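Just below is one structure, and these are the notes that go with it.
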Amino acid sequence: MENYEYIVEMRGITKRFPGIVANDDVSIQIKKGEIYALLGENGAGKSTLMSMLFGLYEPDEGEILIRGEKVKINSPNVATALNIGMVHQHFKLVSEYTIAENIVMGMEPVKKVLGFLPMVNREKANQEIQALSEKYGLAVNPTDVIQNLNVSTQQRVEILKMLYREAEILILDEPTAVLTPQEITALLEIIRGLRDSGKTIILITHKLDEIKSIADRCAILNHGKLIDVRDVATTSTKEMANLMVGREVSFSTEKQPAQFGKEVLKVDHLTIHNSDHFPVVKNASFSIHAGEIFAIAGVAGNGQVEIADCIAGLTKAHEGKIILRDEDITQSSIRDRKEKGIAYVPEDRQSFGLVLDFDINEDLVLKEYYEEKNHTIKNFLNKEKIAQDGEKQIDKFDIRSSQRGSTVVRSMSGGNQQKIIIAREFTLTSDLLILVQPTRGLDIGAIEGIRKMIIAERDKGKAVLLVSLELDEIMDIADTIAVIYGGEIQKIAPAKELTANEVGEFMMGVHKKEVGANE
């Protein structure tokens with residue numbers, strides 16, 4: 001009989017970094033077999049707290065008990081020996097290795113060749129991973145190579161890596177941040193299944209609807225302090241949001257009717273091919289005016305990101321034209337498009353939005369460092385001016401970091417990395433603002449703030465192209481909605497003439513194509 005009340009206890013945990021107290025006297029108790037959510041804004045201290053449970057950091061003060069026993073977890077190996085596993089927000093996989101090689105790494109099954117030479121038994125590894133994936137409903141092909149997999153499959157590999165090491169306590173850090181709505185539904189089912197098989201799940205998140213649908217209890221952190229621990233069943237998402245942000249949060253954004261100006265962007269019969277020469281966008285036409293938020297709604301993978309990338313210059317058009325204020329920019333370079341007034345928040349913040357080993361100030365000036373205003377008389381970078389500009393943006397966009405502008409971006413939470421890109425692109429002088437998943441990975445308070453900023457940019461007369469997988473976001477802030485399915489635009493209409501249900505049906509290809517006057 002187990003003689004402990006809690007499988008995990010963290011008592012009076014404090015962790016300081018230069019210039020910041022990440023966790024301030026935090027105490028939590030987690031029962032075996034429950035889904036326990038850690039809820040808080042970007043930079044509230046959720047990941048830091050769990051990194052101490054996994055042995056990546058050691059607390060400055062406080063103690064940790066596992067199964068009622070006081071422990072010192074000073075490395076992930078110690079955590080693994082205590083049956084604790086963690087899936088990090090940004091995965092830790094070797095991209096050239098197969099799924100099975102990643103999972104068994106460091107614990108490879110061995111066979112003897114010629115009776116005495118030890119060698120990795122790949123066949124056995126593949127069989128073990130196949131059996132493990134089937135046992136937990138995490139279907140993967142053990143011989144697939146990581147770099148060829150989509151994000152949701154890579155995440156399954158990370159979960160299997162923990163299960164292979166016999167983890168009983170599973171920490172999932174923002175597990176749905178980069179998944180599509182369909183993949184999120186599948187992952188939540190997997191998490192329920194893991195709980196039902198006796199695992200204890202700790203979920204780091206700021207997505208209230210997910211907590212409501214899956215968690216048993218949630219601990220709410222704000223600026224490193226534990227605010228409250230609530231039973232999820234008896235707490236509304238509104239209460240959770242208010243506790244998390246420390247104020248009343250609005251779930252819808254107020255905006256005045258749009259005042260459309262001149263046409264800023266015209267996309268004319270655009271066709272885009274992928275690397276296999278397959279058309280992923282077919283004959284798309286639309287236009288966006290000054291003072292208009294034009295949103296493209298669609299299920300992930302239907303060509304909407306390729307349209308945004310093509311307008312920004314990251315991919316080439318196969319056919320058709322892109323016209324910016326009466327000028328054909330179809331063949332223009334990326335810098336030329338930026339000079340002509342295009343700002344761009346890309347879908348993948350780490351690969352395309354940021355240089356992770358730069359500090360905040362360097363990333364903020366990434367698109368303007370070559371301009372005279374950022375140079376000294378002798379044509380060196382004016383670090384003092386760049387730092388002053390950075391300070392203003394850090395305050396305006398609430399970018400939270402330990403060492404202000406000199407913080408290395410790689411060390412920051414995903415949500416705060418996103419805020420750096422938003423700050424840089426919103427501050428550029430531009431006529432067209434292209435936003436792909438602008439609020440991905442942000443908490444409810446930050447989402448509310450970014451949506452208000454998008455509307456403010458529209459009200460200043462900018463044309464905004466919004467690509468989002470969040471249908472509620474599109475319904476909340478768009479003036480005009482285009483729905484894409486299978487690479488083809490199915491419908492374009494003013495947002496006020498469409499219901500979320502109708503948009504959803506077009507997204508799933510239920511309705512036949514019927515493009516309006518905008519084409």
Side-chain angles (χ1 to χ4, degrees), residues 42-43 47 88-91 95 150-151 154 173-174 176-180 206 295-296 300 304-315 333-339 341-371 374 386 389-390 393-394 396-401 404-430 432-443 446-447 449-451 453-454 457 462 464-470 473:
N42 306 118
S47 296
H88 303 270
Q89 188 176 357
H90 303 296
F91 306 146
S95 58
N150 63 23
V151 174
Q154 288 185 33
D173 188 357
E174 300 286 358
T176 63
V178 291
L179 302 184
T180 66
H206 46 241
I296 303 180
Q304 60 272 60
V305 175
E306 285 81 357
I307 289 175
D309 281 349
C310 191
I311 296 166
L314 273 72
T315 54
S333 69
I334 293 176
R335 181 177 285 189
D336 193 35
R337 294 176 203 227
K338 180 253 157 189
E339 296 288 336
I342 293 181
Y344 186 47
V345 174
E347 178 183 41
D348 185 339
R349 59 176 161 251
Q350 294 208 333
S351 300
F352 297 105
L354 297 162
V355 180
L356 293 174
D357 293 317
F358 278 10
D359 64 31
I360 294 177
N361 289 336
E362 289 167 333
D363 264 310
L364 285 172
V365 80
L366 210 50
K367 288 194 171 178
E368 297 185 301
Y369 71 90
Y370 57 87
E371 292 180 6
N374 291 313
I386 289 168
D389 291 346
Q393 285 169 260
I394 288 166
K396 181 179 176 185
F397 291 87
D398 190 26
I399 300 167
R400 296 186 191 175
S401 63
R404 302 288 290 182
S406 58
T407 308
V408 174
V409 169
R410 186 183 294 280
S411 70
M412 298 170 66
S413 71
N416 279 298
Q417 290 177 358
Q418 183 74 354
K419 286 182 187 177
I420 295 170
I421 303 172
I422 296 269
R424 181 184 67 220
E425 301 302 317
F426 277 44
T427 310
L428 288 175
T429 305
S430 65
L432 174 65
L433 191 51
I434 304 172
L435 309 170
V436 184
Q437 296 282 78
T439 58
R440 169 179 275 185
L442 297 182
D443 58 70
I447 288 171
I450 298 297
R451 289 182 184 174
M453 285 178 191
I454 294 170
E457 293 300 302
K462 283 191 188 180
V464 181
L465 172 60
L466 171 67
V467 173
S468 177
L469 296 176
E470 307 286 343
E473 181 159 82

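Heavy-atom basis, side chains included; hydrogens, waters and symmetry copies ignored. These numbers come from a predicted model, not from an experiment.
- Here the straight-line distance linking atom CD1 of I296 with atom CG of L469 works out to 12.0 Å at 0.5 Å rounding.
- Remark: L435 CG to I422 CD1 distance equals 6.5 Å, nearest 0.5 Å.
- Rounding to the nearest 0.5 angstrom, the gap separating the CD1 atom in I420 from the CZ atom in R349 is 10.5 Å.
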(request) Evaluate the criterion side-chain contact (heavy atoms from CB on, under 4.5 Å) for residue pair Q304 and I307; output intermediate values, then yes/no. (result) CA-CA 5 Å; Q304 60 272 60; I307 289 175; 5.6 Å; no
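- Residues E425 and Y344 approach most closely at OE1-N, 2.8 Å, considering heavy atoms.
- The minimum heavy-atom distance between F426 and K462, with the atom names listed, is O-NZ, 3.7 Å.
- Here A423 pairs with L364, Q393, F397, I399 under the side chain to side chain contact (heavy atoms under 4.5 Å, CB included) rule; sequence neighbours left out.
- Taking the side chain as every heavy atom from C-beta outward, V436 and P346 never approach each other to under 4.5 Å.
- Taking each heavy atom of N416 and R400 in turn, the nearest pair found is OD1-N, 2.9 Å.
- For the pair R424 (side chain) and K367 (backbone), a donor-acceptor distance under 3.5 Å is absent.
- Shortest non-hydrogen contact noted between I360 and R404 is CD1-O, 3.3 Å.
- R440 has no carboxylate O lying under 4.0 Å from a charged side-chain N of E470, or vice versa, which leaves the two without a salt bridge.
- Rounding to the nearest 0.5 Å gives a distance of 10.0 Å between CG of L428 and CD of E339.
- When atom types are taken as modelled, the side chain of E347 and the backbone of Q437 share no donor-acceptor pair closer than 3.5 angstrom.
- Nearest heavy-atom pair, I434 versus A308, reported as atom, atom and distance to 0.1 Å: CG2-CB, 3.8 Å.
- Judged as a salt bridge (charged side-chain N to carboxylate O under 4.0 Å, His left out), and not counting sequence neighbours, the contacts of E368 are K373.
- Side-chain contact between I311 and L432 is present, with at least one heavy-atom pair separated by less than 4.5 Å.
- Of all heavy-atom pairs between S406 and N361, the closest is N-ND2, 4.4 Å.
- In this structure, the side chains of I454 and E457 stay at 4.5 Å or more apart for every pair of heavy atoms.
- The side-chain heavy atoms of T439 and S468, taken from C-beta on, include no pair separated by under 4.5 Å.
- Put simply, CD on Q417 and OG on S411 are 8.5 Å apart, with the number rounded to the nearest 0.5 Å.
- S47 and D173 are linked by a side-chain donor-acceptor pair at a separation below 3.5 angstrom, with hydrogens and angles left out of the test.
- S430 contributes no side-chain N or O that, together with a main-chain N or O of L433, makes up a donor-acceptor pair within less than 3.5 Å.
- By the salt bridge (charged side-chain N to carboxylate O under 4.0 Å, His left out) test, R337 pairs with no residue at all, sequence neighbours left out.
- Judged by distance alone, with hydrogens and angles left aside, the side-chain atoms of D363 form a donor-acceptor pair with the main-chain N or O of V355 at under 3.5 Å.
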